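For reference, the structure discussed in these notes is given below.
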Amino acid sequence: MTRKAVSIGLPYLLGLFLCDRLSVCWYGFLGILPLLLFLGLGCRLRLKQLLLCGISFAFACCLYCGYMYRVRDALLAYGGQTVSLTGRVENVDVRHNEQASYLIRTNMGGHTTRITYYGADLICQYGDSIRMTAVLAPYEDTYLFPAVSYYQGEGSFLQVQEASDVEIIPERNWSLVGSIRAYADRICAKIRMTLPKQEAGLLCAMLLGDKSGLDSPTKTALYRLGIGHVTAVSGLHLTLLCSLVGWILRRLRLGKRLAFCIQAVVAVGFVLCTGVSHSACRAAVMLLLVYSGDVFHRQSDPLNALCIAVLALTGTRPYLIGSASFLLSAAGVFAVAVAAPWLTAHFPVDTLPKRILKGLVASSVIPVLLMPLCACYFQEASLLSPLSNFLVLPLCMAAMLCGLGVFLTGGWSVAALPLLRLAGFLCRTVLELGSWCAGLHVGVVPLGDSYVLPLCLLCVLLALCVFGFRREQRRVWASIGLTVMLFWNVSLFVSLLERNTLKIAMLGKGNACTLVITCGDQTDVLDLTGGGAGAEYVSRYLQASGISHVDTLVLDQQQYRAMAAFHDALPYVQVHWLLVPEDTYHLPGSTVCGTVPAPFSIASAELLRSQYTIRFLGTGTVEILYAGRRVLCAAGTEPLTESDVRIQYGAKLPETMTAGYLLTTAPCNVQDGQVYAGQNNLCISIDAQGGISIQELMKGG
């Protein structure tokens with residue numbers, strides 16, 4: 001069978017991805033052509049096929065460059081300008097503090113774009129017009145959230161920095177899309193009124209992709225369990241809905257063409273209900289291509305359908321290649337529908353145990369294939385996903401079926417109440433399993449180290465070379481096994497090398513600073529500025545580093561707010577000691593982060609560890625001794641004293657100091673063995689010989 005869509009789609013997708021990740025398009029174009037030719041010759045492609053692949057790859061590079069030059073750069077030129085903004089509201093996310101996030105579709109400079117605005121809840125809905133005088137600004141990445149890549153993947157390049165004269169103009173005309181969205185909101189409201197908060201949040205997320213009801217610990221638990229993908233509307237949801245509708249249509253004995261038309265209408269309606277997400281659009285295109293095979297007497301092919309869907313969605317919107325949800329959705333379909341069936345094609349299935357074994361083996365392939373993308377966008381990956389997808393995913397699908405029943409019956413109480421009670425029980429079971437697994441810290445692979453992504457890409461390249469030259473299941477299985485062993489051995493080797501390295505991570509935003517000090521198996525967290533402003537930063541850093549145990553958490557200012565913040569941010573981190581000032585009151589027997597707060601005196605406190613020592617010199621100032629080095633960490637308002645390593649955080653450094661202290665363009669300066677840091681979210685490493693290195697965790701923040 002000729003697969004022209006594959007010969008065009010795969011090089012096209014690769015070209016877009018490389019241009020997006022490498023930033024400089026021609027570097028990706030020139031650097032990958034020899035590799036493509038090498039793999040193409042290995043796969044024994046004909047000259048026409050090689051030429052078609054090369055043209056497709058070059059077209060993708062030109063398309064991406066052209067779009068970014070003509071559209072993105074033109075829109076970014078509005079950054080810092082004050083404009084009169086008029087647009088249509090596409091999405092409203094209401095927060096708990098009477099604030100809301102708006103996604104506004106507008107036209108600027110002849111280009112249609114989306115702009116985000118954060119402001120007061122104006123009680124508007126989809127389709128309403130909004131008018132304001134706005135100061136626009138480009139997005140900035142922070143340590144907590146890569147805003148630039150996320151919003152660029154959504155087709156948004158600007159946000160409203162300041163707004164005045166904000167006015168909402170209600171849409172008075174009837175709108176099909178608005179009516180469908182209102183119906184979906186009414187079903188979600190029915191679910192939230194019937195079920196407890198977390199159960200309702202999970203069901204709404206699984207049914208319509210509305211994750212506003214899920215808190216951060218719940219999301220972490222679901223992803224560590226390996227089923228976080230059920231909260232992103234994709235092929236699983238649409239396949240379930242269309243299969244249910246197809247079963248009903250077959251019972252009614254309708255013709256194939258009429259049944260296909262009805263399923264197409266249902267698929268489009270569901271995509272509109274979910275806010276026209278990219279993954280839902282991709283799933284709808286693929287599903288309709290598969291269902292159209294019976295109507296037009298054509299054999300459906302998953303890889304062909306996937307390539308056609310990718311071409312259709314990115315042809316006019318190449319920025320989609322930067323969307324993590326789109327990439328993971330497409331890669332997931334490839335792993336489930338193409339790679340896993342091919343790799344397990346010769347597995348025996350003559351008995352039930354063998355069929356179960358084949359299913360488990362196929363499920364285990366999926367997280368391995370998705371690992372490189374997870375390394376690009378996430379801080380950790382779950383190894384429990386094969387078992388969870390086999391055992392827990394059916395519970396999620398059963399809950400989704402109950403939700404679909406409520407959705408299709410319009411929330412009619414007679415049918416909705418028993419269905420929602422059953423769905424609530426299933427969701428509660430899934431949440432308890434996720435919380436239990438997240439607390440055990442088993443099956444979690446940290447992906448925050450800098451070596452992980454290059455290592456994953458190297459493993460993928462090795463497996464592709466084996467597939468290209470020896471297209472046999474056994475050899476490919478052997479290459480996958482070798483790459484997995486290589487990954488684990490390199491990870492073990494790096495962890496052994498860093499065992500005697502002291503790492504001081506300065507985390508926070510603005511004047512707030514929290515230190516995370518690690519060396520070997522010991523970890524201490526010091527909230528120097530108080531208030532718990534760095535709690536979320538600490539949670540992300542520990543997650544990326546694979547740290548599940550903190551020896552000591554020290555809170556020396558605004559301890560009550562800090563205790564609440566860290567208790568919420570570290571639900572799955574075991575804290576051995578929590579030190580608070582002596583005058584801190586707490587209920588007898590009450591625990592924070594799983595431990596009882598213990599009083600300490602900041603004037604004389606000292607933490608003695610096996611390899612390093614921490615001394616508190618006053619409010620917001622600590623001294624760390626390691627490997628003959630003396631590290632002083634002081635707030636921006638405190639004077640710097642003599643020390644081997646001096647770290648100033650928070651406020652800008654005083655201009656009266658010598659030039660060695662002043663920072664210009666560089667975030668930190670290393671000279672004569674001394675470190676001067678003027679911003680947070682840095683990690684300073686000191687090895688056993690006293691050598692110093694600095695890693696910038698993320699620009700911004």
Side-chain angles (χ1 to χ4, degrees), residues 184 187-188 191 194-195 198-211 213-214 218-219 221-250 263 266-267 270-271 273-274 277 279-280 282-284 286-287 290-291 302 325 328-329 332-333 335-337 340-341 355-356 358-360 362-364 366-367 370 382 384-409 415-416 418-434 437:
I187 297 299
C188 286
I191 295 173
T194 307
L195 298 179
Q198 290 301 320
E199 298 169 18
L202 179 57
L203 185 58
C204 289
M206 292 193 299
L207 187 62
L208 296 170
D210 182 7
K211 291 180 278 191
L214 296 178
T218 302
K219 294 178 183 177
L222 292 175
Y223 278 103
R224 287 188 175 180
L225 185 59
I227 57 169
H229 57 86
V230 300
T231 62
V233 175
S234 59
L236 175 66
H237 305 69
L238 204 55
T239 301
L240 196 61
L241 174 61
C242 290
S243 298
L244 179 61
V245 173
W247 180 81
I248 296 174
L249 295 177
R250 286 193 297 273
Q263 286 179 316
V266 170
F270 185 75
V271 169
C273 284
T274 59
S277 66
S279 55
R282 190 267 317 149
M286 281 195 61
L287 205 63
V290 172
Y291 285 158
S325 61
L328 287 171
S329 178
V333 170
V336 173
R355 287 196 292 270
I356 294 176
K358 179 179 179 179
L360 287 173
S363 299
S364 65
I366 299 170
L370 294 182
S382 173
L384 295 176
S385 55
L387 190 60
S388 299
N389 287 324
F390 196 78
L391 299 177
V392 183
L393 191 59
L395 299 179
C396 299
M397 295 180 67
M400 290 164 55
L401 274 175
C402 295
L404 285 175
V406 176
F407 187 85
L408 295 176
T409 57
L419 289 174
L420 287 179
R421 295 299 180 190
L422 177 58
F425 170 75
L426 295 170
C427 290
R428 184 166 62 254
T429 303
V430 172
L431 290 172
E432 290 177 355
L433 285 173
C437 290

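Throughout, numbering of the chain's residues begins at 1 and tracks the sequence. Just so you know, these numbers use all the heavy atoms, side chains as well, and skip hydrogens, waters and symmetry mates. The model shown is predicted, which means the values in this text are computed figures rather than measured ones.
Side-chain contact check for L202 versus L222: some heavy-atom pair is nearer than 4.5 Å. Side-chain contact between L203 and L426 is absent, with no heavy atoms from C-beta onward closer than 4.5 Å.
A side-chain contact (heavy atoms from CB on, under 4.5 Å) with S388 is found for one member of L225, L393, L433 and no other, namely L225.
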Go through V406 and L207 one step at a time and tell me if the side-chain contact (heavy atoms from CB on, under 4.5 Å) criterion holds.
CA-CA 10 Å; V406 176; L207 187 62; over 6 Å; no
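In this structure, A335 and P341 approach most closely via the heavy-atom pair O-CD, 4.2 Å. Residue V430 comes nearest to C396 through the heavy atom pair CG2-SG, 4.0 Å, listed as atom of the first residue, atom of the second, then distance. Contact record, A423 with A399: CB-O, 4.0 Å, taken as the closest heavy-atom pair. Taking every heavy atom of both residues into account, A205 and L214 meet most closely at CB-CD1, 3.8 Å.
The CD atom of Q198 sits 6.5 Å away from the CG atom of L431 when rounded to the nearest 0.5 Å.
Considering only residues two or more places apart in sequence or on other chains, R428 meets the side chain to side chain donor-acceptor pair (under 3.5 Å) condition with E199.
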